[in-house]
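Remarks on the structure that follows.
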Amino acid sequence: RSAIKPQNDCFVELDYNAAELRVLFGLLDQKQPEIDVHDWINTNIFADKYDRETSKKKVFSWLYNPKAKNKKLNKYLNRELLLNRYYVDGVIHTPYGRKITSPEDKVVSYLVQSTTSDMFLTAAIAINKLLKGKKTFICFCIHDSLVLDLCLEERGIINELVDRFSQS
């Protein structure tokens with residue numbers, strides 16, 4: 001970050017909190033936690049048994065390894081439900097209309113990552129449209145983070161941008 005300087009006044013970063021896990025919650029029709037997802041999982045699923053980082057590692061190890069067993073996680077975040085809902089005859093059917101040929105052991109990974117990417121890119125396109133005709137522009141994106149080069153005289157648009165980014 002220290003190597004890149006804004007053309008305008010400053011950088012503003014829009015970032016999803018635990019995007020892939022929030023997508024997983026959405027795919028399973030689970031209510032989104034209003035707090036940090038990793039903290040929520042640690043408290044509500046692991047009963048505060050671990051620190052945040054350990055909880056996060058356990059969740060992702062379980063999520064992307066179909067052979068991993070964790071009764072507490074699977075009770076709330078049921079991977080089998082994803083297979084039944086989105087996987088038909090060797091093809092994943094994503095909420096964004098993608099059809100991805102996949103072996104069964106990759107379904108959860110491909111479904112969650114593809115849906116997260118499509119959600120993020122849809123939001124980025126909407127943000128870009130909101131910025132049309134403004135000095136502020138999308139400078140770059142990294143994974144699920146959108147970095148804006150903000151002109152401070154346009155800072156009044158930030159709430160609208162955050163709202164639009166959060167709607168995805």
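A salt bridge does not link K67 with D105: none of the charged nitrogens is closer than 4.0 Å to a carboxylate oxygen. Ion pair K57/D51 not flagged as a salt bridge, since none of the NZ, NE, NH1 or NH2 atoms sits closer than 4.0 Å to an Asp/Glu carboxylate oxygen.
Residues meeting the side chain to side chain contact (heavy atoms under 4.5 Å, CB included) test with E154, sequence neighbours left out: K134, K135, T136, C151. Checked against ring-ring contact (aromatic ring centres under 6.0 Å, His included), Y64 has no partners two or more places apart in sequence or in another chain.
Contact detail for L77 and L28: the closest heavy-atom pair is CA-CD1, 3.6 Å. Between K49 and N42, the closest heavy-atom pair is N-OD1, 4.1 Å. The two residues N70 and F46 make their nearest non-hydrogen contact at ND2-CE2, 3.7 Å. Here the closest non-hydrogen pair linking Y86 and L111 is CD1-CD2, 3.6 Å. Across all non-hydrogen atoms, the minimal contact from H38 to F60 is CE1-CE1, 3.6 Å.
Stacking of K58 on the aromatic ring of Y50 is recorded, both the 6.0 Å distance cut-off and the 45° axial limit being met.
F165 places a side-chain heavy atom less than 4.5 Å from the side chain of I127.
Proximity of a side-chain donor or acceptor of D149 to a complementary backbone N or O of C139 within less than 3.5 Å is not detected. With D9 contributing its side chain and L152 its backbone, the two residues share a donor-acceptor pair below 3.5 Å. Side-chain N or O atoms of R79 include one that pairs as donor or acceptor with a backbone N or O of W62 at under 3.5 Å.
N17 and R22 form a side-chain donor-acceptor contact under 3.5 Å, judged by distance and modelled atom types alone. Between the side chains of Q30 and Y76, a donor-acceptor pair is found at a separation under 3.5 Å.
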Exercise. So F25 and W40, ring pair (Phe, Tyr, Trp, His ring centres under 6.0 Å) or not? Walk me through it.
Worked result: CA-CA 12 Å; F25 275 68; W40 187 92; 5.7 Å; yes
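In this structure, R98 places its CZ atom where only 12 or fewer heavy-atom neighbours from other residues, nucleotides or ligands lie under 6.0 Å away. Other residues, nucleotides and ligands contribute over 12 non-hydrogen atoms within 6.0 Å of the CD1 atom of I35. A 6.0 Å sphere centred on CZ of R52 holds more than 12 heavy atoms belonging to other residues, nucleotides or ligands.
Note: N159 CG to S166 OG = 10.5 Å, rounded to the nearest 0.5 Å. For the atom pair OG of S114 and CD1 of I92, the computed distance is 7.5 Å after rounding to the nearest 0.5 Å.
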